[in-house]
Participant: 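Just passing along the structure, written as structure tokens.
Whatever order the structure lists ligands and atoms in, that order sets their numbers, starting from 1.
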Amino acid sequence: MSGATVRATGIVTVVLAGLLASAYVLGRSLVPEQHTTTTGVASSTAGPHYADQPPSTEFPAAPGRALPDTSPDADPSAPDGGDDGPGPFGARTATGSARVALTFDDGPDPQWTPQVLALLSQYGVKATFCVVGENVESHPDLLRSIVAEGHTVCNHSWRHDVNLGKRSPETIRADLLRTNDAILAAAPDAHIAYYRQPGGAWTASVVSVCTELGLTPLHWNVDPSDWKAPGATTIEATVRTQTGPGAIVLMHDAGGDRSGTVAALQRLLPELLSRFELEPLPVDAP
Ligand SMILES: [Zn+2]
């Protein structure tokens with residue numbers, strides 16, 4: 001090979017490497033936080049869409065195709081309703097008494113949270129709202145209503161990062177504290193006693209940070225998968241048949257079309273009240 005050919009080959013290699021690096025950086029910048037948006041959640045509303053399904057970063061859904069219910073990232077011991085055993089990494093799955101706790105995740109949402117609050121008020125039921133920091137920042141008035149009406153709040157991370165537990169303790173701590181700060185900025189008298197990991201994707205790191213910050217890791221043991229919008233009848237039947245004494249029921253007041261959840265709740269509240277005492281998770285006895 002002549003010297004000129006060697007030089008030319010070297011230049012081509014350098015140029016190609018540069019182009020590849022640029023394409024990679026551009027690609028990364030074009031698909032930020034894909035895991036929070038490619039959840040496969042059908043929705044008719046604008047705004048952030050998340051749900052407590054397992055992490056999906058490594059397995060993004062093809063357009064128009066639903067994600068599998070589980071991914072290899074999910075803790076296989078994660079209860080999927082009706083399981084009274086300990087939650088992943090010791091997260092709480094029962095109220096500790098015969099009382100039942102209804103929990104609503106991913107809000108506050110301007111369309112659905114007021115409807116859930118109105119139903120709870122109509123039946124005199126207090127519940128627990130696991131709120132997302134960026135949604136609290138966008139809708140502080142709704143957070144104030146939740147607290148003012150006697151419900152308890154639970155930290156559900158800043159932006160519903162299902163992979164938060166895999167990040168550094170410093171990143172996890174900063175995320176949880178930012179969310180707590182947003183809650184307290186909206187409602188200074190709020191007591192934040194719980195943290196719920198998005199997707200139920202608990203790790204030892206996230207539980208360790210919870211302990212450090214005095215937050216009880218909160219899971220669930222009844223999951224009607226309402227984030228998949230299976231319809232009010234399915235949501236209602238799952239909750240009605242799987243809820244027993246001490247249950248923590250997972251539902252969503254945000255993250256997509258929650259009309260099915262609202263309609264199911266309308267039927268469930270009188271039915272559950274005929275069998276159980278319903279309570280907000282207590283802030284003073286985590
Ligand atoms: Zn969630």
Participant: Quick one: does L218's side chain get under 4.5 Å of C130's, heavy atoms only?
Facilitator: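 In contact.
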Participant: Report the distance from atom OG1 of T261 to atom CD of Q115, rounding to the nearest 0.5 Å.
Facilitator: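 Going from the OG1 atom of T261 to the CD atom of Q115 covers 10.5 Å.
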Participant: Out of the N/O/S atoms in H160, what is the name of the one closest to the Zn ion (ligand 1)?
Facilitator: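 Distance check against the Zn ion (ligand 1) picks out NE2 in H160.
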Participant: Looking only at atom types and distance, does a side-chain atom of D161 sit under 3.5 Å from a main-chain N or O of P198, one as donor and one as acceptor?
Facilitator: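 No, the answer is negative, given that no donor and acceptor are paired below the 3.5 Å cut-off.
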Participant: With a 4.5 Å heavy-atom cut-off, do I248 and H219 have their side chains touching?
Facilitator: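 Counting from C-beta outward, I248 and H219 never come under 4.5 Å.
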Participant: With rounding to 10 degrees, what does the angle H156:NE2 / the Zn ion (ligand 1) / D106:OD1 come to?
Facilitator: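 Computed angle, vertex at the Zn ion (ligand 1), rounded to 10 degrees: 90°.
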Participant: Kindly confirm whether the Zn ion (ligand 1) is within less than 2.8 Å of some N/O/S atom in C130?
Facilitator: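 Checking the Zn ion (ligand 1) against C130, no N, O or S atom falls under 2.8 Å.
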